[in-house]
There are 2 protein chains.
Amino acid sequence: MRATVKDVAKLAGVSPKTVSNVINGVVFVRPETRARVEQALAELDYVPNMSARGLRNGRSGMIALALPDLLRPYSAEIVHLVVELAHERGWGVQIEQTAAEPKREFELLSKARAYLVDGLILNPVNLDDSAVLSAGPLPPLVLIGDVDQDLVSQVAIDNVAAARDLTKHLLAQGCRRIAVVGTPEIPRGSSGAGVLAGSAEAPGTAASRLRTAGYHQALEEAGVPIDPALEIGLDRWRPEGAATVVGKYLAEHELPDAFFCFTDTIASGTLSALWSAGIAVPQQTLVAGFDNILESQFMIPPLTTVDFDRRAFVEAALDLLGERMSDKNAAPRRVMVPHRIVIRNSTTR
Amino acid sequence: MRATVKDVAKLAGVSPKTVSNVINGVVFVRPETRARVEQALAELDYVPNMSARGLRNGRSGMIALALPDLLRPYSAEIVHLVVELAHERGWGVQIEQTAAEPKREFELLSKARAYLVDGLILNPVNLDDSAVLSAGPLPPLVLIGDVDQDLVSQVAIDNVAAARDLTKHLLAQGCRRIAVVGTPEIPRGSSGAGVLAGSAEAPGTAASRLRTAGYHQALEEAGVPIDPALEIGLDRWRPEGAATVVGKYLAEHELPDAFFCFTDTIASGTLSALWSAGIAVPQQTLVAGFDNILESQFMIPPLTTVDFDRRAFVEAALDLLGERMSDKNAAPRRVMVPHRIVIRNSTTR
DNA sequence: TTGAAAGCGATACCAG
DNA sequence: CTGGTATCGCTTTCAA
């Protein structure tokens, strides 16, 4: 059986309180007493029981990170940084996947309220789900990514501006017919949408909406007409879907001047589809992505994309979460992380 | 303040025990009593306190997954599956990064012993140094990946055979000078190794050693001489390092007939370096990887690689962990997951 | 079937 | 500076 504070106290000939004082090192303990206790601690190979501590303190020392799709390399980068930076603050990290199911997002909020985690970093998919936010008492919570709300702390980049900047870059390269890949498969307002409206499957994530908006803005500013036929629908932002959908598009349409992919992962699939079709990038068409994942720079050709300081992004999220955790009533804050366009070979001839 | 079982009991006019019975649904409760309790539960928006439950039961309902480098897409796939499949079993997942530091592995083991997690899935880099073997009482533990031991349950693939099979495939394509990418940067037994021996930086992970062994076996069987100059050292298995090291290699050596990269991520960097050098794959040289990550199929050209059923792999790990968790004295078991070579365009002319 | 009460392990309050 | 003691919320004997 495992040793408890009581056992340690007995062996050291002191009270449990003193042991606790030594362990937590808050109060002053007489050096000789401290030595005796530490001796006993080592002798019994004492390990504190976190459940007990959590029950007493009301804190578990753990936070949760919830992302829509853990399989994406982008998710891996976020997970990597959150785990690394949270560890520096002495927090453990529990990982959850929402798989774009608002139900899971609900579950998470109550799990946090069950004191299993002290706080939650959530990357929500659907703006509509902010309904979640209006319900009940919330645990310390920080949203990452693109949601339009003021109830909860949030860190994000300016998706509209980033998409606009990237589109401008493509326009500056002389492109006019610029396709986007990653809009909803069932366009908003189309016949099929009514059935799904308000449901979990409502088309269009916040990110896709904002990026589409930025793309439209840039086109309008340049006086280039918006052509819905250039908006290639794709709900699951994974390479296999992108390759399929772009492959099909190529078979049925004239080749666009450029492809603006809503993530680098989509760009990867797009490059693959173009390669399969024997279309050379950047000679015959251009391709750009979004996120600047580690792999982008090693794609063939290297990918032009939207970059932001991911470490600063995550650091900000943890800062905000720390604020909320130490003061439940602190006003929600929003941090915007700057972005920039990284121009690589995929858009320069 | 949050509602507790006591509050619910009071509201429903029953004892805490009855509430507990309703919640855990083990014993039979009279339907009308059950109804009253459930009413109260809903009314007070009751959420159980996991710390208290954990303290009482000695289990937290959480497992930990520790990987050396969370940034790799391969890690993302493992994390994705573990989270998904553990969730089906009602377990939460805490993620840790060991960064090849045995110290972190130690911390993990004690964390497990602190009842913060009920079990641990660990991908050790270098078992010689790993905390696992230096004993002490171990928590329920499953190793994933390549370790030669019998103390602890383990799930793995046959790395030697897989590397041998892949090398054979390259030989069958007519290759003789086959380079490998991913061996230790400081070769074992070389002058520099002594300084590091036994330290965390001791060269060569288990995976790299086993894959190298399989490669050597295939060469020997084919009567092809082993040429150390064809073993390209790389410790951190990330694309940027691979691109750098292969780029340098190309500048200084004759082009090999093929590159056998020890992970798909390394292959990605290698393809990039070859592309930069203007060398066509598969026309001038072949490239193969290991792991069959999702992205491999969309590389340019699509990558030949070693595939195994990742879902079965993770499922097995969770099964083994479950065994250990329910019976601490169960004999350690080892599960080998079968592999196969997936042949794609990068090795077929 | 349900109630009363003990106790899991760590901490904080209040004395001394 | 240190000792006793109540307490966190839940589960689980033991009785009724």
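Please read all numbers here as calculations on a predicted model, not as lab measurements.
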| message | Taking side-chain hydrogen bond (donor to acceptor under 3.5 Å, both in side chains) as the criterion, tell me which of R89(A), R324(A), R333(A) meets it with D319(A). | response | R89(A)

| Do the side-chain N or O atoms of T33(B) get closer than 4.0 angstrom to the phosphate oxygens (OP1, OP2) of dT2(C)? | yes

| Residues which pass ring pair (Phe, Tyr, Trp, His ring centres under 6.0 Å) with F308(A), listed by chain and number, not counting sequence neighbours | F313(A)

| query | In whole angstroms, how far is the P atom of dG3(D) from the NZ atom of K10(A)? | reply | 15 Å

| Can you find a pair of side-chain heavy atoms, one from E96(B) and one from L120(B), that are under 4.5 Å apart? | no

| query | For L55(A) and R30(B), take the nucleotide of DNA chain C holding the closest heavy atom to each; which residue's nucleotide lies nearer the 5' end? | reply | R30(B)

| request: Rounded to the nearest angstrom, tell me the gap between atom CG in D7(B) and atom C1' in dG9(D). | output: 10 Å

| task | Taking S75(B) for its side chain and L71(B) for its backbone only, find out whether a donor-acceptor pair lies under 3.5 Å. | result | no

| message | What contact category does V19(A) fall into here, base, sugar-phosphate, or nothing, at under 4.0 angstrom with non-hydrogen atoms? | response | nothing

| What one-letter contact string describes nucleotides 10-16 of chain C from 5' to 3', where B marks a base within less than 4.0 Å of any protein heavy atom, S marks contact via sugar-phosphate atoms alone, and - marks no contact? | BBBB---

| query | Would you find a donor on one side and an acceptor on the other, under 3.5 Å apart, between the side chain of S20(A) and the backbone of P16(A)? | reply | no

| remark: Counting only Watson-Crick and G-U wobble pairs with both atom distances below 3.5 Å, the stems of 3 or more consecutive pairs that include DNA chain C are C:1-16 with D:1-16

| Would E32(B) and R36(B) pass as an ion pair if we require N to O under 4.0 Å? | no

| request: Begin with the C-alpha distance, continue with both residues' side-chain angles, and end with the deciding distance and a verdict on salt bridge (Lys or Arg N to Asp or Glu O under 4.0 Å) for R34(B) and E38(B). | output: CA-CA 6 Å; R34(B) 163 179 295 274; E38(B) 276 169 350; 3.5 Å; yes

| request: Decide if atom CZ of R236(B) counts as having more than 12 heavy atoms of other residues, nucleotides or ligands within a radius under 6.0 Å. | output: no

